Amino acid sequence: VPTTRVELTVSCRQLLDRDTFSKSDPVCVLYTQRPGSHQWREFGRTEVIDNSLNPDFLRKFVLDYCFEERQNLRFDLYDVDSKSPDLSKHDFLGQAFCTLGEIVGSAGSRLEKPLTGVPGKKCGTIILLAEELGNCWDVATLQFSANKLDKKDFFGKSDPFMVFYRSNEDGTFTICHKTEVVRNTLNPVWAAFAIPVRALCNGDHDRAIKVEVYDWDRDGSHDFIGEFTTSYRELARGQSHFNVYEVVNPRKKMKKKKYLNSGTVTLLSFAVEAEHTFLDYIRGGTQLNFTVAIDFTASNGNPSQPTSLHYLSPFQLNAYSLALRAVGDIIQDYDSDKMFPALGFGAKVPPDGHVSHEFPLNGDASNPACRGIAGVLEAYQCSLRRVQLYGPTNFAPVVNHVARSAATVLDGSQYFVLLIITDGVISDMAQTKEAIVNAAKLPMSIIIVGVGQAEFDAMVELDGDDIRISSRGKVAERDIVQFVPFRDYMSGGPGAGLSMAGLAREVLAEIPDQLLSYMKARGIKPPPIPPTSPETPP
């Protein structure tokens with residue numbers, strides 16, 4: 001399910017001039033790749049802009065955006081010389097490659113890149129601006145009461161409830177909300193309820209909303225009291241004489257000349273609040289800080305043996321390296337400095353051979369950060385040669401290590417993601433649970449990738465999808481752990497890329513909602529985006 005839809009606006013500056021008597025007439029062609037495929041497919045073209053080396057294209061590209069996928073994009077520019085749709089008949093002006101995540105993750109979701117591809121020439125720059133399409137994420141909170149409803153029950157009064165329907169384009173109605181039943185009264189006050197605005201009116205504020213009032217019966221044959229129609233625009237006026245509705249039963253109205261109504265319904269309160277999305281925070285400047293922790297315990301097997309999970313083969317990456325690459329390649333688009341702290345646990349480390357559960361892979365305790373995912377892989381391979389695999393397998397120290405950093409930035413400007421790669425045999429379950437319960441209050445998420453063939457029951461328990469994790473009677477306030485067994489994605493051969501994309505998807509799918517749950521719990525709103533035109537420097 002795509003998280004949301006994103007609209008890309010393309011501009012270029014200082015394009016190559018290929019026309020002798022006038023300036024180039026540029027068009028931009030966007031190519032995309034299917035997940036796991038290296039084949040480029042044309043996605044769409046902008047319009048052609050005549051005589052311009054600094055075009056601001058009007059036609060936008062609308063793409064489904066998925067945080068957990070690496071969505072590769074290629075932009076090719078051509079100088080159009082004729083009406084032919086065949087691109088080989090036009091002059092190539094240069095190209096740029098990036099991922100959708102790179103654009104979205106840039107400041108203000110605005111990415112500027114040099115165009116390349118024409119040997120010996122400067123091809124100018126391309127400017128890409130991403131905007132989330134307003135799917136109308138607003139949430140309305142409404143409360144209603146009713147007065148003098150018809151008495152439907154033989155013995156007591158009525159037990160009223162209301163059903164709300166939104167109208168569709170074709171005039172039919174779709175149910176969108178049911179209130180609770182208020183027992184034994186003709187003057188009920190229903191509880192306030194929250195509903196996404198798009199569920200009420202699908203973004204069209206004048207579309208009819210039909211409300212039916214019923215008397216609840218235990219056997220399910222609820223008696224119809226009456227109905228009224230309104231619209232989102234009417235309701236948005238809030239409590240006023242406009243929002244007192246006569247509840248009418250059409251059959252009674254036809255039969256009885258003197259019939260007025262079957263009671264009235266009054267809107268007591270109306271409020272609307274924007275429901276923020278993951279992209280609102282990313283565009284507002286929230287950075288994802290990515291830390292890696294690698295299991296160096298002896299249960300992984302001797303690294304010099306091909307059977308070891310840490311074996312460094314000259315021909316292929318081991319499971320630890322593959323998992324690191326799959327997740328890191330996506331997350332790095334959202335981290336502006338591309339510096340990733342990398343830790344190891346469960347090994348005897350030089351110079352004195354003491355066992356450490358949070359040692360820096362690069363050997364620098366004051367700054368364990370490595371440059372890019374390539375830097376992390378390099379540091380990992382170096383430390384394999386430097387340390388001795390040992391034990392036990394303690395997670396709590398690395399969880400607390402990242403939690404200490406997260407605890408210093410609670411304002412929503414940074415969110416921390418810890419990737420633990422392990423063979424899964426954990427020794428400090430109680431301490432780890434406590435560390436996770438404490439970390440759930442902080443802006444952080446934990447991803448655990450289990451490698452090897454062990455039983456991962458303990459990891460599934462930490463995941464907390466089925467039963468929220470607790471420690472000493474305290475329950476974690478958010479679910480922040482996602483566990484994935486690597487073996488589910490192990491396929492060598494040509495499908496390996498696809499299975500790694502699947503691993504990344506599974507591992508990262510929960511991060512956007514986990515980030516939102518933190519922001520919501522803390523009442524943090526994304527900063528407003530300053531309007532950017534192609535001319536303003538980022």
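From a predicted model like this one, the values you see are computed outputs, not experimental measurements. One-based numbering along the sequence shown.
- Side-chain contact annotation: S445 with Y518, donor-acceptor N/O pair under 3.5 Å absent.
- Contact of the I511 side chain with the E68 side chain is not registered, since no non-hydrogen atoms from C-beta on lie closer than 4.5 Å.
- Less than 6.0 angstrom separates the ring centroid of F456 from the ring centroid of F483.
- If you check the side chains of R478 and S517, you find a donor sitting under 3.5 Å from an acceptor.
- Judged purely by atom type and a 3.5 angstrom limit, S52 has no side-chain atom pairing as donor or acceptor with the backbone of I49.
- A distance-only check finds a donor-acceptor pair linking the side chain of R468 to the backbone of A476 [under 3.5 Å].
- The aromatic ring centres of Y232 and F270 sit less than 6.0 Å apart.
- For the residue pair A406 and L442, the shortest heavy atom distance occurs at CB-CB, 4.1 Å.
- Within the 4.5 Å cutoff, the side chain of D280 has no heavy atoms near those of the R283 side chain.
- The side-chain contact (heavy atoms from CB on, under 4.5 Å) with I420 is formed by just one residue from the set V399, L343, D295, V292; it is V399.
- R325 CZ: 12 or fewer foreign heavy atoms inside a 6.0 Å radius.
- Side-chain contact between I294 and H310 is present, with heavy atoms from C-beta onward closer than 4.5 Å.
- For the residue pair T99 and N72, no side-chain donor N or O sits within less than 3.5 Å of a side-chain acceptor on the partner.
- For the 3.5 Å distance criterion, the side chains of T230 and Y245 qualify, holding a donor opposite an acceptor.
- Environment of CD in E42: crowded, with over 12 heavy atoms of neighbouring residues, nucleotides or ligands closer than 6.0 Å.
- Closest heavy-atom contact between P512 and A509: CD-O, 3.6 Å.
- T277 and E132 form a side-chain donor-acceptor contact under 3.5 Å, judged by distance and modelled atom types alone.
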### Query
Which is it for D17 and K23 under the salt bridge (charged side-chain N to carboxylate O under 4.0 Å, His left out) test, yes or no, and what are the steps along the way?
CA-CA 6 Å; D17 197 355; K23 299 193 176 82; over 6 Å; no
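- Within a 6.0 Å sphere centred on CD of E273, other residues, nucleotides and ligands contribute 12 heavy atoms or fewer.
- Side-chain contact between V118 and L93 is absent, with no heavy-atom pair separated by less than 4.5 Å.
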### Query
Hey, mind stepping through Q482 and D463 against side-chain contact (heavy atoms from CB on, under 4.5 Å) and telling me if it holds?
CA-CA 5 Å; Q482 170 73 340; D463 190 321; 3.6 Å; yes
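- Using a distance-only test at 3.5 Å, with no hydrogens or angles considered, no donor-acceptor pair links the side chain of T46 to the main chain of F57.
- Across every non-hydrogen atom of L128 and V10, the tightest pair is CD2-CG2, 3.9 Å.
- With values rounded to the nearest 0.5 angstrom, T291 atom OG1 is found 12.0 Å from M339 atom CE.
- Closest approach of A504 to A326, counting heavy atoms only: CB-O, 3.5 Å.
- In this structure, the side chain of R522 does not engage the main chain of P443 through any donor-acceptor pair within 3.5 Å.
- Looking only at side-chain heavy atoms (C-beta outward), V451 and T422 stay at 4.5 Å or farther from each other.
- At least one donor-acceptor pair under 3.5 Å links the side chain of S109 to the backbone N or O of V104.
- Side-chain atoms of D76 do not come within 3.5 Å of backbone N or O of V29 as any donor-acceptor pair.
- Taking the six-membered ring for Trp and the full ring otherwise, F67 and Y334 have centroids separated by under 6.0 Å.
- Two residues are said to be in side-chain contact when any heavy atoms from C-beta on lie closer than 4.5 Å; I446 and I436 meet this criterion.
- Summarising the geometry, atom CG belonging to L503 is positioned 9.5 Å from atom CG belonging to D488; distances are rounded to the nearest 0.5 Å.
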### Task
Given salt bridge (charged side-chain N to carboxylate O under 4.0 Å, His left out), test K520 with D513 step by step and report yes or no.
CA-CA 10 Å; K520 210 167 178 178; D513 283 346; over 6 Å; no
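- The minimum heavy-atom distance between V507 and V327, with the atom names listed, is CG1-CG2, 3.8 Å.
- Without hydrogens or angle criteria, R166 side chain to T174 main chain gives no donor-acceptor distance under 3.5 Å.
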### Task
Evaluate side-chain contact (heavy atoms from CB on, under 4.5 Å) for K113 paired with F97, printing each intermediate quantity in order.
CA-CA 9 Å; K113 288 204 108 155; F97 296 86; 5.7 Å; no
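- Between the CD1 atom of I127 and the CG atom of L111 there is a distance of 10.0 Å, given to the nearest 0.5 Å.
- Between E7 and R5 there is no salt bridge, since no side-chain nitrogen of the basic residue lies less than 4.0 Å from a carboxylate oxygen of the acidic one.
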### Task
Apply side-chain contact (heavy atoms from CB on, under 4.5 Å) to L142 and L267, showing your working.
CA-CA 7 Å; L142 307 148; L267 175 69; 4.2 Å; yes
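- The CZ atom of F340 lies 9.0 Å from the CG atom of N289; values are rounded to the nearest 0.5 Å.
- Side-chain polar atoms of D86 and S88 form a donor-acceptor pair below 3.5 angstrom.
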### Task
In sequence, state the C-alpha distance, the side-chain angles, and the governing distance for F92 and L77, and then conclude on side-chain contact (heavy atoms from CB on, under 4.5 Å).
CA-CA 6 Å; F92 179 65; L77 280 122; over 6 Å; no
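- Partners of R59 by salt bridge (Lys or Arg N to Asp or Glu O under 4.0 Å), not counting sequence neighbours: none found.
- Inspection of the Y165 and H177 side chains reveals no N or O donor paired with an N or O acceptor under 3.5 Å.
- Around atom NZ of K60, more than 12 heavy atoms belonging to other residues, nucleotides or ligands sit under 6.0 Å away.
- By the neighbour-count criterion of 12 heavy atoms within 6.0 Å, atom CD of E378 is sparsely surrounded, having that number or fewer from other residues, nucleotides or ligands.
- Panel note: side chain R45, backbone P85; a donor-acceptor pair is recorded below 3.5 Å.
- S321 has its side chain within reach of Y380: a pair of non-hydrogen atoms, C-beta onward, lies under 4.5 Å apart.
- No side-chain donor-acceptor contact under 3.5 Å links S269 to the backbone of Q239.
- Of the inter-residue distances, the one linking I331 atom CD1 with K338 atom NZ reads 11.5 Å to the nearest 0.5 angstrom.
- Here the straight-line distance linking atom CD of E112 with atom OG of S11 works out to 9.5 Å at 0.5 Å rounding.
- The main-chain N or O of C123 is never found under 3.5 Å from a side-chain atom of Q14 such that the two would form a donor-acceptor pair.
- By the 6.0 Å contact criterion, CZ on R41 is open, its count of non-hydrogen atoms from other residues, nucleotides or ligands being 12 or less.
- For V449 against A323, the heavy-atom pair with the smallest separation is CG1-CB, 4.0 Å.
- Taking the side chain as every heavy atom from C-beta outward, L419 and F290 approach each other to under 4.5 Å.
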